[in-house]
Each structure stands twice: as structure tokens, then as C-alpha cells.
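My questions all concern the structure below.
Given the structure is predicted, the values throughout are model-derived calculations rather than measurements. Letters A, B, ... mirror the listed sequences (proteins, then strands); counts begin at 1.
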2 protein chains.
Amino acid sequence: MPLPEPVPELTSLDLLVSVSELGSISAAAGAHGITQPAASMRLRKLEQVLGIHLLERATTGSRLTPAGEATVEWATPVLHALESLLVGTSALHRSARSSLRLAASMTVAEYLVPSWLGKLAGERGGASVSLEMGNTASVAGLVADGRADLGFIEGARPPGRLSFREVLEDELVVVVGASHPWARRRRVLSPDELARTALLLREEGSGTRQVLAEALAEHGLEVVSAMELGSTTAIKAAAGAGAGPAVLSALAVADERESGALVAVPCEGLRLHRVIRAVWSGRLGPVAARLLAISAGRHPVAGQG
Amino acid sequence: MPLPEPVPELTSLDLLVSVSELGSISAAAGAHGITQPAASMRLRKLEQVLGIHLLERATTGSRLTPAGEATVEWATPVLHALESLLVGTSALHRSARSSLRLAASMTVAEYLVPSWLGKLAGERGGASVSLEMGNTASVAGLVADGRADLGFIEGARPPGRLSFREVLEDELVVVVGASHPWARRRRVLSPDELARTALLLREEGSGTRQVLAEALAEHGLEVVSAMELGSTTAIKAAAGAGAGPAVLSALAVADERESGALVAVPCEGLRLHRVIRAVWSGRLGPVAARLLAISAGRHPVAGQG
DNA sequence: GTAGCGTTCTAAGCTTCGCTTATGCCCCTT
DNA sequence: AAGGGGCATAAGCGAAGCTTAGAACGCTAC
């Protein structure tokens, strides 16, 4: 479902935030490395795109209107989320030398690493971090080979003589779109019932699917797929549209559950837990140790509520 | 602190999400109303801006690389936050006729209304909602005059014969930047101590400042301002930079507390609560009733933890 | 009161970027 | 073997955005 046009520009939203902090258009322009007329035009266009007055301009500077203040408040989470994206993608460059080389499973890399790196950057500015994604085996391999300083794996205990530490617990949850009958269901789901239902799943080989299959296998059951999709996003979109139930990591659906787009269905009698552990080899450097401490800090519980 | 250049385009991120859902560049192009070469160019540029390969192109369609999947996951919160911004700003148009006319105090309008409207839109598509912002008195006036169907006010009990209902409780919290000494403080803050400290505040007349002043007045104390700033954002930025403690609504600093940019300092003996109430006059229409139900639903507790 | 500084808008000119149309190649399917 | 879907390339056009330059306005200090 594409965005409605027209869409405000990220740089213009950022510029508006700067105006609110600095008090004048020209100061904000300077901070962004553009000229004052350019900044003025961008803000005028932003007002036009949003259809509201954002600034009260005066020859002594510019103040935000109440609508402008609200827009700044609404823009802040957009820009924060963008920063996470930039932190994550920039870590994915195969940079030659980095002060910290991470390796992580998909779930950890996608949902946890950017916020950890954000906190790390908040404390020590100039740490260049690289990130490699892979399954548990390949992450363990990178760490064992010394090609990664610190790794994060799911489920299995680390092989060999790697040091490890439990970081947090993840849990798979059954989710459906808000329009699905199960969204209003009160009874707890039984393993049997889940196995009789066609589910939205990743292709064979996905770690999440494997955990689900093993949990069902303990009851002598097998997964039935309604549709095999290529990405977590595709599964979430399909489930949200009511295409059926899906089983995903609680970390992956935290946002959608909060916004109400997806509803978790309580489920009983299945071992859908998995532990996320940090692994490393030898002695940790100072930056790696700091990241480990951040990652093992308090986290919102990924419960099934 | 401006964004680093270059910044990815929102429409390109949205396009990437569509590719991940639809499985091909040309299908995504069609969904966005642009031609296939244009979509191809945008995605190529996005890859260049982010510095990573996002797509595995083939003559049978395109699949996301692992890095592409992660990018989609990271883009999703950006786009969700953007949708909230668009919902909020579009409600601020003074539209001639709307199926629901809201009035709300700044805090409610900024931090709660967009998510309520998002949920409302999720259930009933075509409700056009308008939003007016103001202080408690003006909101009550709009509702009493029949120029708003439903209002949300803070603190005071609604005047006159308006119907009302408690929606949630808000709380003011003392926050400091992560580098401030109080961030690592263990002792609880006393009213006396708070009054002896110069604080970052809005100008006189702000509702938040008034609540703080009244709470201190109960102890015979007065607020001391270190700096008077024009917007909540400016205060948060200054506090985050370590300029001093600020006192803000828990709703306003929820994001920053989660990200660690701001730290709440426990505080004892002050009445920093305020109740947020919905107010209306006469009989509620179906859309207004639905929004009221959404607003009075469960919410994350705005505690002082 | 006047000079000066900082703020804003306007205007003109230029460059650059992005989209569309048209075309060719490749691979899978029938 | 032929057709269709999907992606890339090339050319041309149009528009959008930035910079430089100039002018008006208001506050402040002398």
C-alpha cells in the first residue's frame, strides 16, 4: 500500500526541527550547509505539502506556530527511526577496518543491533562498527575465526570453546490481523489446533520456521503452510491483511502489536522460547565489552501477553 | 544536529517495501504509479545512497538480499511514524466539513491523537477528521459551542454542563541528559532540592509550567528557570545536551527515555499528576463514540519509574 | 535620532536531477 | 519454438532546487 502523494521531504522535516531549536531560518540554514533562501523555500514547500502554517516569520527571527510545534513533535520519531536505519545500513558496509566487527543472526541484527549501536554512539562518538548477518553457524564461525569480535546467536548453545553470555530471551508468537476471527478469540490455542491451521511462513530453512517445526514435532505434529513468503515484512503484510495466522518472533511484531495492526493469540503447550546469546573468543576489547554491557542491559520483556 | 548527507528518499524506501511485498520492480512501480525504469533508477540510487546491495535482480523478478530485508525492517518504523505525521497534519487543516471535529490540548494532540486516529482509520476507512489545538478553556469552549464534537482536556474538571470521562492519567517527570550527574543519582529528589535547581522551562503561561508551579507552591516554593525555551523539542534538545534538568509530561519524553537520550529522576512529595478527560456536549455520534472508546482503551502506563 | 546588524523575501539564471518513451536482451513457460 | 514477463539502457524533455544579488523591515546601541 503505497504512501499518499505528496510526501514531505526528510531533509525539510529535519530543517524544521533545527528552526525550532535555533530560532531562525538563517541559523538553521547555516547548520545544514545551505543558504537562507534555499531553507526558506524548503520550509515554504513543506507548509504547502502539509497544508498548514508552520512558522510565524518576522524580521527578528521565526517562531513555530502551535501546528508547527506539533509537526516537530511528530517529525521527531520519523527522524529517530531514520537514524536507526542509517546506523544499521552503514554498519552493513564491508568496511576495511572497524573498531568493532559484529556478527548477528537476522532477528538480532534487524531488531536489536541498531538501537544498541545508537546507545554506543551516544557514549563514544567515533566507533566505526561493521555488521555481518548470518545464521547461527556462520556467526559462530566468524567469531571463532577471529573475523568478528562479537557475535549474537539464537537458540543453540555455541559450539567449541567460545565464551558466551545470555543476552535476552525471545519468543515466537502467533499473530493474526485485527480482522481475523482469532483476534477476538478468548480460548487459548492448543498445539493441535495450530497444526491443523494453514499458516503464513517463510520458506523452508528459516530459523523461525525451524523452531516452530521442532516445537510441534514434540507433539508429533507438523506445520501446514498456507503461503510461503520471502520476507518477514511480506508475512506481516499478509497477516495484517487477514490472509491467515503467522508465527513470528515477538521482537519482529512488537511495533505492529502496539499499533494494533497485528494481534497475538495466546498459545499453550508449545516450547516457542529461544535464548539469544552473545559469543566471543578470547579477550574482549573495550568497545566490544561496552556493547556487550549495553546488549545485556534491561530490555522490554518480549512476552506473549 | 542536522542529518548526515545523503539521506534516502521516503518514496524510495516505500518503493523498496513494495518490492518486498510484490516480488518485482515493475509490479511495485505499477503500485506507485510510476514506470518501471523510474522505479529501477530510484532503487539503484537508494542502493548507492545506503552503500549496500538491496536487491538480487533477475529476469524473473527481484528478490531482496539479506541486507535488503533488514533495510525493509528498518524502513517500516520510519514509514509508520511518517503516517502518524500525515494523519496528524492532515487533521489540522481547517476542513469545511468533517465527519468528526476534535479539539484537544497540545499534549494530547501531539502525543495521543495521531495514534487514535490511526486506529480509527484502520476500522472505518473514510472518516475525515479535523483537529483543533488549544488550552483547556478554549477546548471546552469549542465543545460547548458545538464547534467541536469531542474534546480532550488536561487537569481541570470541565466547566458547565459538559459530559466528561476520564481517559488516562498523565504525569510530569524530571528528566536530565544521560551525561548529567543526576542521571546516575540514586537518592529520590525532594521538592526543596528541585526548587533550588535552575530548570529548563517553557515561557510563563504554559500548562506544564503551571502544574509544576502549583505543585511547588504547595510547599511554599517557587520555580527557578535556567533558560526559557519556545518549544518542547527545544527543551528536550537542551536537556539532552546536558544544559540542565527539565520537567515535562511523561508522554512527551517516552521516546527519549526509551532510547536513553533522557533519564527520569525519581521525585517525591510533589503532586505532578494530571488527569486527561474527554468532554462532549449532548449525544455522541457513532464516529465520536468510537474514538472515545479507542482513547479510553488500555494505554501504556505513563509512570515515573 | 541614526547607524548598523540581523532577519526576511524576491528575482534571475543556471544546473542538475528525475521521469517518460522506446527499445533490446534474457529467462522461464507453454 | 514462440510468447510473455521482467529488467536494463538510451535519448530527450521538463521541472524543481540552489546560488548569487538586491532590497525592505525591525531591533538595538550609540
Practice item. Calculate the interatomic distance between A:Ile25 atom CD1 and D:dC25 atom C1'; express it in whole Å. Key: 15 Å

Practice item. Output yes when at least one side-chain N/O atom of B:Arg42 is less than 4.0 Å from OP1 or OP2 of C:dG18, else no. Key: no

Review point. Given D:dA8, D:dA16, C:dC27, which nucleotide is nearest the side-chain atoms of B:Thr60?
Key: C:dC27

Exercise for review: Tell me whether the OP1 or OP2 atom of C:dT8 has a side-chain N or O from A:Ser26 closer than 4.0 Å.
Suggested key: yes

Exercise for review: Look only at the side chain of A:Glu47 and the backbone of A:Leu54, and say whether a donor-acceptor pair between them is shorter than 3.5 Å.
Suggested key: yes

Exercise for review: Give A:Ala58 one of three labels, base, sugar-phosphate or nothing, depending on what nucleic acid heavy atoms sit under 4.0 Å from its own.
Suggested key: sugar-phosphate

Point to revise | B:Gln36, nearest nucleotide to its side chain (from C:dC9, D:dG6, D:dA8) | key: D:dA8

**Study point:** Heavy-atom check, side chain of B:Leu212 versus side chain of B:Leu199, under 4.5 Å
**Key:** yes

Check your understanding: Does B:Arg57 make a side-chain N or O approach to OP1 or OP2 of D:dA8 shorter than 4.0 Å?
Key -> yes

Check your understanding: Less than 4.5 Å apart, any side-chain heavy atom of A:Thr76 and any of A:His80?
Key -> yes

Check your understanding: Name the one of B:Thr208, B:Asn135, B:Thr107 that satisfies side chain to side chain donor-acceptor pair (under 3.5 Å) with B:Glu154?
Key -> B:Thr107

**Study point:** A:Leu43 CG to D:dG17 C1', straight-line distance once rounded to whole Å
**Key:** 14 Å

Exercise for review: Give the nucleotide from the list C:dG18, C:dC27, C:dC9 with an atom nearest to the side chain of A:Pro37.
Suggested key: C:dC9

**Study point:** Separation of atom NE2 in B:His32 from atom P in C:dT20, rounded to whole Å
**Key:** 13 Å

Revision key, fill the gap. Among the nucleotides C:dT7, C:dC9, C:dT20, whichever has the atom closest to the side chain of B:Thr35 is C:dT20

Check your understanding: A:Glu47 has an atom CD; how far is it from atom P of C:dT8, in whole Å?
Key -> 13 Å

Practice item. Whole angstrom is fine here: how far is it from CE in A:Met41 over to P in D:dC18? Key: 6 Å

Review point. Phosphate oxygens OP1/OP2 of D:dA16: is one of them under 4.0 Å from a side-chain N or O of A:Lys45?
Key: no

Revision key, fill the gap. Comparing nearest nucleotides in DNA chain C, the 5'-proximal residue of the pair B:Ile34, A:Gly23 is A:Gly23

Practice item. Could you tell me whether the phosphate oxygens of C:dC28, OP1 or OP2, come under 4.0 Å of any side-chain nitrogen or oxygen in B:Thr59? Key: no

Review point. To the nearest Å, how far apart are A:Glu9 CD and C:dC17 C1'?
Key: 12 Å

Review point. Whole-Å distance between D:dC7 P and B:Leu55 CG?
Key: 9 Å

Review point. Does a side-chain N or O from B:Ser62 land closer than 4.0 Å to OP1 or OP2 of D:dC7, or not?
Key: yes

Check your understanding: Does the side chain of A:Leu262 reach to within under 4.5 Å of the side chain of A:Val176, using non-hydrogen atoms?
Key -> no

Point to revise | Integer-rounded Å distance: D:dG6 P and B:Glu56 CD | key: 18 Å

**Study point:** A:Val211 vs A:Val247 side-chain heavy atoms within contact, under 4.5 Å
**Key:** no

Point to revise | Along DNA chain D (nearest heavy atom to each residue), the more 5'-positioned of A:Ala38 and B:Ser40 | key: B:Ser40

**Study point:** N or O in side chain of B:Arg44 less than 4.0 angstrom from D:dC7 OP1/OP2
**Key:** no

